[in-house]
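Each ligand, and each atom within it, is numbered from 1 in the order the structure gives. Residue numbers run from 1 in the order of the sequence given.
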Amino acid sequence: MLFDLFVAFVVMKKLIIAIDGPSGAGKGTVARTVSQHLGYRHIDTGAMYRAVALEAVRDGLALDDERAVAELAGRAEITVDGGVVSIDGLDVTRAIRTPEADKAAASVARLPQVREVLVARQRRIGRQGGVVMEGRDIGTVVFPDADVKIYLDASAEERARRRASDPAHSGGQAGQAAVAEAIEARDKSDTTRAVSPLTVAADAVRIDTTAMPIQAVVDTIMKLVKEKLN
Ligand code: DC
């Protein structure tokens with residue numbers, strides 16, 4: 001009886017799991033796998049910034065036109081559930097993973113009004129729990145009270161190697177050196193911007209994934225999740 005009650009509690013308790021970190025740290029694969037283990041939704045917030053950036057470029061907006069891009073972000077219907085990314089009904093899953101989209105996304109992510117709109121959406125999506133949300137500011141800004149906070153990191157060299165060999169990132173004729181350069185530029189943009197720069201939350205568990213296989217990273221996170229559920 002007591003055991004049944006315990007199981008019911010565990011089944012009902014739906015956590016918010018925040019996974020932050022720089023590009024190429026392994027957030028995507030890890031967040032997806034953890035969400036599958038738990039039957040949670042996986043929300044890739046970077047894809048939201050990417051989709052807005054792509055639509056802004058297609059609409060001919062200047063990427064530093066804060067008001068116009070924020071308006072677009074506010075009225076666009078964006079879905080990122082289940083690995084398919086769409087904006088206003090258009091499937092942009094592949095289109096948002098090009099080197100140009102990388103740059104455009106980093107530009108719009110610097111705009112405070114755009115962040116305000118997307119953070120509000122992310123809170124709406126995740127507030128009921130049962131979600132693994134990945135990004136740069138999930139544990140610091142979007143859900144500072146998240147149940148589990150992870151900061152994934154890896155050496156710049158390893159992150160460039162992973163990114164260069166990631167088939168999801170098209171337009172990848174560039175060699176690893178070019179990818180490393182682009183990643184460095186993006187790291188700089190993400191960590192030095194005025195609003196919500198990439199930082200490690202004080203209460204986040206930091207995992208250096210440089211020499212870790214994905215499964216080991218997932219196991220580490222699942223252990224933390226189980227501790228929380230118990
Ligand atoms: O995780 P990603 O590479 O797909 O993110 C795309 C861009 O959006 C990247 O420049 C970082 C930015 N971003 C952000 O500022 N805040 C988030 N929560 C997620 C991504």
Side-chain angles (χ1 to χ4, degrees), residues 16-32 42-57 63-64 66 69-70 73 78 80 83-87 92-126 131-144 146 149-154 156 159-160 162-164 166-172 179-201 204 209:
I16 296 177
I17 301 172
I19 302 187
D20 290 303
S23 326
K27 299 188 300 291
T29 314
V30 167
R32 187 170 52 251
H42 166 213
I43 304 297
D44 173 2
T45 61
M48 297 171 84
Y49 289 94
R50 287 171 179 274
V52 167
L54 184 72
E55 185 94 329
V57 170
L63 292 179
D64 59 357
E66 181 166 8
V69 180
I78 307 167
V80 296
V84 175
V85 183
S86 74
I87 183 159
V92 293
T93 312
R94 286 194 66 76
I96 57 167
R97 308 278 172 201
T98 65
E100 295 73 34
D102 287 352
K103 269 201 214 146
S107 294
V108 305
R110 300 183 75 87
L111 306 173
Q113 289 177 34
V114 172
R115 300 200 71 85
E116 206 176 293
V117 169
L118 292 186
V119 165
R121 284 184 178 215
Q122 290 154 13
R123 288 186 178 138
R124 267 201 305 278
I125 294 172
V131 72
V132 181
M133 195 171 278
E134 57 158 302
R136 302 292 190 289
D137 59 344
I138 311 306
T140 50
V141 175
V142 181
F143 288 114
K149 290 188 195 178
I150 307 292
Y151 187 92
L152 288 189
D153 211 347
R159 293 191 288 117
R162 288 179 191 165
R163 207 21 76 88
D166 183 352
H169 277 255
S170 61
V179 174
E181 212 172 284
I183 280 207
E184 200 182 312
R186 224 144 59 88
D187 280 356
K188 192 160 176 219
S189 176
D190 291 344
T191 52
T192 61
R193 64 170 177 241
V195 192
S196 308
L198 173 65
T199 49
V200 191
T209 70

Just to confirm my output: which protein heavy-atom neighbour is closest to atom 19 (C) of ligand 1, and how far is it?
Thr45 OG1, 3.4 Å
Taking Lys103 for its side chain and Ala182 for its backbone only, find out whether a donor-acceptor pair lies under 3.5 Å.
no
Nearest non-hydrogen contact to atom 15 (O) of ligand 1 from the set Arg136, Arg115, Met48 belongs to Arg115
Could you tell me whether the side chain of Arg162 and the main chain of Gly24 form a donor-acceptor pair under 3.5 Å?
yes
Return the residue, atom name and 0.1 Å-rounded distance of the protein heavy atom closest to atom 8 (O) of ligand 1.
Tyr49 CB, 3.7 Å
To the nearest 0.5 Å, how far apart are CD1 in Ile125 and CG in Leu118?
9.0 Å
For the 3.5 Å polar cut-off, considering only N or O atoms, please tell me whether Arg193 and ligand 1 meet it.
yes
Just need the protein heavy atom nearest to atom 9 (C) of ligand 1, so name the residue and atom and give the distance.
Arg186 NH1, 3.3 Å
In terms of residue, atom name and distance, what is the protein heavy atom nearest to atom 12 (C) of ligand 1?
Ala109 CB, 3.7 Å
I'd like to check which ligand 1 atoms, numbered from 1 as shown, lie under 4.0 Å from a non-hydrogen atom of Asp190.
9 (C), 10 (O), 11 (C)
Just to be sure I read this right, does ligand 1 sit under 4.0 Å from the backbone of Ala106, its side chain, both, or neither, counting only heavy atoms?
both
With distance as the sole test, does Arg136 use its side chain to make a donor-acceptor pair with the main-chain N or O of Ser196 at under 3.5 Å?
no
Pick whichever of Ala185, Pro197, Gly46, Ala101 has a heavy atom sitting closest to atom 20 (C) of ligand 1.
Gly46
If the cut-off is 4.0 Å to any non-hydrogen atom of Arg50, which atoms of ligand 1 fall inside it?
2 (P), 3 (O), 4 (O), 6 (C)
Donor-acceptor pair, Thr209 side chain versus Ala25 backbone, under 3.5 Å?
yes
Closer than 3.5 angstrom, by distance alone: can the side chain of Lys27 be matched with the main-chain N or O of Gly21 as a donor-acceptor pair?
yes
What distance do Ile78 atom CD1 and Gln122 atom CD have between them, rounded to the nearest 0.5 Å?
9.0 Å
Which atoms of ligand 1 have any heavy atom of Arg97 under 4.0 Å away?
4 (O)
Answer yes or no: is there a donor N or O on one side and an acceptor on the other, between the side chain of Asp20 and the main chain of Tyr151, under 3.5 Å?
no
For ligand 1, find out whether one of its N or O atoms is nearer than 3.5 Å to an N or O atom of Asp137.
yes
Does the pair Arg97/Asp44 count as a salt bridge with the N-to-O cut at 4.0 Å?
yes
Using a 3.5 Å cut-off on N or O atoms only, is Gln122 in polar contact with ligand 1?
no
